[in-house]
Amino acid sequence: MAFDPAAIDRKWQARWEQDGLHKVSDDDPRPKWYEMTMYPYPSGDLHIGHWYAMAPADAHARFRRMQGYNVLHPIGFDAFGLPAENAAISRGIHPYEWTMGNIENMRRQLRSLGAIYDWDREVITCLPEYYRWNQWFFLRFFEKGLAYRAEAPVVWCPSCQTVLANEQVVNGTCERCGTEITRRDLEQWFFKITEYADRLLDFSGLEEWPEKILTMQQNWIGRSEGVEIAFDISAAGLEEKEIPTFTTRIDTLFGVTFIVLAPEHPLVPGLTTAENREAVDEYISKARQTSEIERLSADKEKTGVFTGSYAVNRLNGERVPVYIGDYVLTTYGTGAVMGVPAHDARDFIFARKYKLPIRIVIAPIEWDGKELSDAYLGDGFMTNSGAYDGMTNDEGKSAIAADLEKRGWGGRTVSYRMRDWLISRQRYWGTPIPMVYCDSCGVVPVPEADLPVLLPEDAAFKPTGESPLATNHDFVHTQCPKCGEDARRETDTMDTFMDSSWYMMRYLDPHNSDDPADAKLLKRWMTVDQYTGGAEHAVMHLLYSRFFTKGMHDMGLIDYDEPFLRLFNQGVILGADHEKMSKSRGNVVNPDDFVGQLGADAVRCFLMFIGPWDQGGPWSDVGINGTARWLNRVWEIAVRDADSLDDTPVDTDAVRDTNRLLHQTIRKCHNDLDRFKFNTAIASLMEFTNHLNRAWTDASVDTKTWRECTEKLLLLLAPMAPHMTEELWEKNGHPYSIHQQGFPTWDDDLAAEEVITLILQVNGKVRDKIEVSAGIEETEARALALASPRIQSYVAGKSVAKTVYVPGRLVNVVVK
RNA sequence: GCCGAAGUGGCGAAAUGGUAGACGCGCCGGUCUCAAAAACCGGUGGGGGUGACUCCGUGUCAGUUCGACUCUGACCUUCGGCACCA
């Protein structure tokens, strides 16, 4: 019976589909297990990276199903986004056609993987039945005050011709295309994610998220506690009488020798005196020209220019000069900082450059009173600080903050690095934002009954920097839902991260036309028990989705407030040259070639066998042969005629060994699959296979034991290699389907070793190994060790200081 | 610059205080064959020894311990994240 993997793949994929084996029922009495993998963008081709993300996830979901859970492991397509639009521009295909064609092809490829996807639950985000709920959620967020329109300096990608959210900027470049970003002042739609900053920092509702992701989210949110303190500028005769600044080091307030405003700060024109105007204007226009990357570079020279005005530090009445400098960011804090050169590295450099005084107000321990060669950032005693002198700087912090609050000059506050989520996009292929602009009523939401606002089929795709929808007159011209007069539609579309923020709900009820998802089904299935995907979404999708869930929770739409209970990040699959796969490197692996030749199971197993799943690693065209060979051997073993063996144990010890290994293998496999350690699970199955093969050759196994072992081997392997195990299950006369069987269980007593190898050491070095009974007593073990001739030869002439006994493992004789 | 993870045979890796290198690739030898491939069996960290054996060995250097790939400190390298955030 030759093993023909391709034929077996076809046979069972068709059978499972026909039988609806993977249809998931909502009423199943078993406990639910919702395991999701990040849905793919329909780029048109399922590459090995997709397989690496999906095959192990599927094996894990299958493992949970065999453990007795009602497992939902759905799939869908992240179908809005720029590549579709770019295809339209370069090839004249409509984004819809392009996307749906790709989905068609990818469905076929996804089926070849043999996963347990329930295709009735497929979600495609670019269809009105999906994106109408994006609009619906937008309106809910708007009503709740969590969606707002504001003018702000926003990030612009000159290549994508659209604004981006801060999270979508990587080192000053566009996350999608790598183009250096610029800034623009535009009126855009934002989601108030900053209002949830503190709750997003609370990870207590999560179980088993990688520490790395939590740290990244924490750093991204960048919470810092400090004080907002206002400096008096009433002398300048402006309407504004003060400059608010934010500091985390209010204890250094007496060390302030200047103020620096961001060049874009609104007070700059007012504070600039006539004789300084020319220099200030020149500086500002130069700052505008410097690129974002350059401006954000930390080691760039700190520059600035004096405005000619002074501000008063009201706590000590000192008058300090006001500068502008581009090391101060408009987007953080108040866009103005108090300059404390003695205790801030940046201010120190700035003060040196512009010959500003450097006054030490926190005395370093063992300070000799000399000038500093660098800013002193550590703790110490307050000095040169009036009434606060002699306090520790920690005490000074609270004392000064309290005094400022008392006098109304400032107060404790919290600043965040994270900005609100900018969701407008000046592109066509996305969800239209359901808003109308009316000359008399202002900004008016589209009534719920009028949803969805359909994305029109025809639009000019060429990006001009303005939304393509803006040139579509039929789309733009509408009536105000309030007064009925002529009005204009919003022509921007939504960030596609809107789609992925709630798609886990839609899988539960993908065709519901009354709600995003039925409340009973949400109750039944949410929260997602296990989510798997790449770590690159740490501060984008994963953060947005947590925010979105908390927002929905607060609106009473759902009763849970974290979307994903457990998260696992798989690593990245690399080319055989250990480099990232890319067309230009020519190291891209096409899974279809291997699937056709060796079968889906071999590809699945090899991907899991390469190494730990979270580590990723290099693909190997020859390495996969090892896995394929092994599956071949499993096949060959499982089709042997067990009746040709003796039906009574030939060698009871050998049979007991086989049985013990069976139970150990079940235990190992179970524990490893539970923790996504597929590589060692497969290794243990290989060992077991090798053992069975030897036992057959030695004729040291009886019919019954052989049958039990091969049956269990197939069950253990079923999550990883679903096709061939199903075929072999049938060949061995078991009832269809192997995938509806329980995962084997083990007996610790049967798995326990009877004989162990006791390691005998002298001074920690292995000198002898002896076989002893597992239940050996300590005194006996020690005696055996000292009696060993090999140990004695090392002990001879020395004195035994002590012996260390580790039960079941070793005896270490310490000699001097 | 700061934070985090990692560094083990020719290669992917295993072992999380107790036999370093399980399992697999590759390579070498063998069986089968006219021959080759496939398949199967055996060997395979390095040095020394005819051999029983023996010494060295988990990035480097110290330390803790009877015993360290594993724990601690410093350093080197690689990869990720953040990077004027006041």
Side-chain angles (χ1 to χ4, degrees), chain A residues 170-172 210-213 215-216 218-220 222-224 226-227 245-249 252 260 262 295-302 325-329 331-340 343-347 349-350 415-419 535-536 538-539 571-572 574 576 578 605-606 609-612 614-627 629-630 632-633 636 677 679-690 693-694 697 757-769 790 801-816:
Chain A
V170 178
N171 288 328
E211 208 51 48
K212 185 179 130 188
I213 301 288
T215 309
M216 281 169 75
Q218 211 165 3
N219 292 342
W220 184 261
R223 181 182 203 275
S224 46
V227 168
T245 64
F246 174 77
T247 180
T248 54
R249 290 298 304 274
T252 64
V260 190
R295 205 178 147 176
L296 285 174
S297 154
D299 34 55
K300 196 193 123 209
E301 195 190 3
K302 312 235 168 325
D326 67 0
Y327 77 94
V328 177
L329 308 175
T331 47
Y332 184 77
T334 61
V337 302
M338 55 183 222
V340 187
H343 305 290
D344 181 280
R346 296 150 300 178
D347 296 345
I349 296 167
F350 191 83
S415 264
Y416 300 93
R417 211 188 73 108
M418 178 174 67
R419 312 258 51 91
E536 67 275 13
V539 294
V572 179
L574 304 171
H578 294 220
C605 287
F606 181 60
F609 184 63
I610 286 176
D614 54 353
Q615 224 169 81
W619 171 267
S620 165
D621 286 352
V622 285
I624 190 173
N625 291 330
T627 324
R629 273 203 283 265
W630 169 57
N632 235 311
R633 215 154 49 232
E636 198 267 318
K677 301 192 75 171
N679 57 328
T680 46
I682 289 177
S684 74
L685 289 175
M686 287 174 168
E687 283 182 76
F688 187 52
T689 311
N690 294 343
N693 208 24
R694 269 194 303 272
T697 312
T757 306
L758 191 70
I759 303 304
L760 306 183
Q761 299 182 330
V762 176
N763 288 349
K765 286 193 193 250
V766 180
R767 298 304 182 187
D768 201 1
K769 304 171 186 182
R790 306 212 39 218
K802 65 170 170 176
T803 58
V804 179
Y805 175 63
V806 181
R809 296 220 91 119
L810 62 79
V811 178
N812 185 13
V813 181
V814 184
V815 298
K816 284 207 172 114

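Small disclaimer: the values here were computed from a predicted structure and weren't measured.
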**Prompt:** Can you list the residues that meet the salt bridge (charged side-chain N to carboxylate O under 4.0 Å, His left out) rule with A:Asp344, with sequence neighbours excluded?
**Reply:** A:Arg346
Please produce a list of atom pairs where a protein N or O lies less than 3.5 Å from an N or O of nucleotides 46-48 of chain B.
none

**Fill in**
Heavy-atom contacts, protein to nucleotides 38-45 of chain B, under 4.0 Å, summarised as B (base), S (sugar-phosphate only) or - (none) per nt, yield -SSS----
**Item:** Those residues that, when tested against A:Glu536, pass salt bridge (charged side-chain N to carboxylate O under 4.0 Å, His left out) (two or more places apart)
**Value:** none
**Request:** List for me each residue that meets side-chain hydrogen bond (donor to acceptor under 3.5 Å, both in side chains) alongside A:Asp768, sequence neighbours excluded, and say none if there are none.
**Result:** A:Ser788
**Message:** Base, sugar-phosphate or nothing for A:Thr248? Non-hydrogen atoms, less than 4.0 Å.
**Reply:** sugar-phosphate
**Complete:** Listed range with range, the stems formed with RNA chain B by at least 3 consecutive Watson-Crick or G-U pairs (under 3.5 Å) are B:1-7 with B:76-82, B:10-12 with B:23-25, B:26-31 with B:39-44, B:45-48 with B:53-56, B:59-63 with B:71-75
**Message:** Holding to ring pair (Phe, Tyr, Trp, His ring centres under 6.0 Å), I want the full list of residues that pass it with A:Phe606, two or more places apart in sequence or in another chain.
**Reply:** A:Trp619
**Asked** So what does A:Val814 hit on the nucleic acid, given a heavy-atom distance under 4.0 Å: a base, only sugar-phosphate, or nothing?
**Response** sugar-phosphate
**Message:** Holding to salt bridge (charged side-chain N to carboxylate O under 4.0 Å, His left out), I want the full list of residues that pass it with A:Arg694, two or more places apart in sequence or in another chain.
**Reply:** none
**Asked** For the side chain of A:Lys802 and the base of B:C66, is some donor closer than 3.5 Å to an acceptor across the two?
**Response** no
**Complete:** Sorted by chain and residue number, the side-chain hydrogen bond (donor to acceptor under 3.5 Å, both in side chains) partners of A:Asn812 (sequence neighbours excluded) come out as none
**Item:** Where protein sits on nucleotides 9-20 of chain B, one letter per nucleotide: B base, S sugar-phosphate only, - none, heavy atoms under 4.0 Å
**Value:** ---BSSS--BBS
**Request:** Kindly write out the residues that satisfy ring pair (Phe, Tyr, Trp, His ring centres under 6.0 Å) with A:Tyr805, not counting sequence neighbours, or none if the list is empty.
**Result:** none
**Request:** Please work out if A:Arg223 contacts a base, only the sugar-phosphate, or nothing of the nucleic acid, heavy-atom cut-off 4.0 Å.
**Result:** nothing
**Prompt:** Base, sugar-phosphate, or nothing for A:Ser224, non-hydrogen atoms under 4.0 angstrom?
**Reply:** sugar-phosphate
**Sequence-distant partners of A:Arg417, salt bridge (charged side-chain N to carboxylate O under 4.0 Å, His left out), two or more places apart** = none
